Amino acid sequence: MKPKVALPGVRGASSETSTAIAMLPVQPCPSGLRFSPSRIKETQMVDTEALRNIEKLNQLKNDGIISDTEFERSKERLLFGGSQKKTAPSAPAGNPGQDDHVGWMILPVRRYAQFTGRASRREFWMFQLVYIALFAVTLTLAAIDQNDFGETGLIGRLMLVILVLGLLGLFIPLLAVEVRRFHDQDRSGWFVLLNFIPYIGPLIVLAMMLIDGTPGENRFGPNPKNA
């Protein structure tokens, strides 16, 4: 029979949970490995929050929502993985491949309203191709559908409606990618308000979008080129 370990009482835990934890078998120590008394004391400490989570898991198991195997697996993660050091928040989903041009074009749409983090120059300028394609297709078809008197037909009017809806739909991701580009330069995202300066505002922003980001990590996150 495997030896059992009795953990010291933890305030806030039910007797059922404490009993279940106390019955956990002790894993044999590999040959030649020694632990100091302070290390042994540390491993015997059980987080109160982990115990509360185990109580919830036990209730889910009793209600038939999770299986015994899932309960044991989750319990082990709470007991033996809870003391691990938390890692820093990971960066957003990785960038598309170098040859995935369509992926780069729609990347700001995938990150629709993400105003945090950083964006590379490539992410911004590839997204501008979406605007160029939208204008080129809709305005060309609208011009073709004009009669000799300059009146636009049904298809032409439909193209103009699609153009307006497309511009409205792309406004938020455009604003978000501009904010992330300013973050990439270690500037505040509020620089995006330069767009609202009459006549020259958008030109100033476009010029600033040409500036490369700061090398390495800055206060807004890791370098997007390394994602």
Side-chain angles (χ1 to χ4, degrees), residues 88-227:
S90 58
N95 294 330
Q98 293 296 322
D99 299 329
D100 187 5
H101 303 301
V102 175
W104 280 100
M105 291 171 62
I106 65 174
L107 183 59
V109 178
R110 289 170 48 198
R111 299 172 177 173
Y112 193 85
Q114 181 180 320
F115 292 91
T116 58
R118 300 166 61 178
S120 63
R121 287 183 295 182
R122 183 175 186 178
E123 180 179 347
F124 175 82
W125 290 108
M126 290 296 288
F127 185 54
Q128 303 313 301
L129 296 179
V130 177
Y131 274 89
I132 294 174
L134 179 63
F135 275 102
V137 172
T138 55
L139 293 181
T140 299
L141 292 178
I144 293 175
D145 195 40
Q146 287 184 348
N147 56 25
D148 296 336
F149 301 99
E151 297 176 347
T152 304
L154 178 60
I155 295 178
R157 291 194 294 270
L158 179 61
M159 290 299 103
L160 294 178
V161 171
I162 292 176
L163 174 61
V164 173
L165 294 178
L167 293 177
L168 290 175
L170 295 175
F171 176 74
I172 296 298
L174 175 63
L175 205 64
V177 73
E178 287 180 349
V179 168
R180 296 198 303 273
R181 276 263 54 228
F182 282 122
H183 288 173
D184 190 39
Q185 302 165 21
D186 205 16
R187 291 188 173 93
S188 171
W190 291 107
F191 273 88
V192 77
L193 296 179
L194 292 173
N195 280 301
F196 298 99
I197 299 177
Y199 306 114
I200 63 172
L203 297 178
I204 295 174
V205 172
L206 284 178
M208 297 183 72
M209 294 295 102
L210 293 170
I211 303 174
D212 196 9
T214 56
E217 186 173 351
N218 65 18
R219 56 181 170 147
F220 296 104
N223 193 332
K225 296 178 181 178
N226 301 331

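Because the structure is predicted, anything quoted here is derived from the model rather than measured.
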Before giving the answer on side chain to side chain contact (heavy atoms under 4.5 Å, CB included), spell out for M105 and F127 the whole-Å C-alpha distance, their side-chain angles and the decisive distance to 0.1 Å.
CA-CA 5 Å; M105 291 171 62; F127 185 54; over 6 Å; no

I need the [X] [atom1] to [Y] [atom2] distance, nearest 0.5 Å.
X: I155; Y: L141; atom1: CD1; atom2: CG; value: 8.0 Å
X: M209; Y: I204; atom1: CE; atom2: CD1; value: 11.5 Å
X: Y131; Y: L134; atom1: OH; atom2: CG; value: 8.5 Å
X: H101; Y: L129; atom1: NE2; atom2: CG; value: 10.5 Å
X: L206; Y: N195; atom1: CG; atom2: CG; value: 8.0 Å

Would a distance-only check, ignoring hydrogens and angles, find a side-chain to backbone donor-acceptor pair under 3.5 Å from [X] to [Y]?
X: R219; Y: D186; result: yes
X: R181; Y: A119; result: yes
X: D145; Y: A142; result: no
X: R187; Y: V179; result: no
X: H183; Y: G117; result: yes

Please test R121 against Q185 for side-chain hydrogen bond (donor to acceptor under 3.5 Å, both in side chains), starting from the C-alpha separation and ending with a verdict.
CA-CA 10 Å; R121 287 183 295 182; Q185 302 165 21; over 6 Å; no

Closest heavy-atom contact between [X] and [Y]?
X: G169; Y: Y112; value: O-OH, 2.9 Å
X: S120; Y: P224; value: N-CG, 3.7 Å
X: F115; Y: L175; value: CE2-C, 4.0 Å
X: N218; Y: F220; value: OD1-N, 2.8 Å

Would you say that more than 12 heavy atoms from the other residues, nucleotides or ligands in this model lie under 6.0 Å from the CG of L193, or not?
yes

Considering only heavy atoms from C-beta outward, does the side chain of [X] approach that of [Y] to under 4.5 Å?
X: L170; Y: V130; result: yes
X: P108; Y: E123; result: yes
X: W125; Y: L210; result: yes
X: F191; Y: V205; result: no
X: L163; Y: V137; result: no
X: V177; Y: M126; result: no
X: R118; Y: T214; result: yes
X: D184; Y: F124; result: no

Apply side chain to side chain contact (heavy atoms under 4.5 Å, CB included) to the pair V164 and L167, showing each step before the final yes or no.
CA-CA 5 Å; V164 173; L167 293 177; 5.8 Å; no

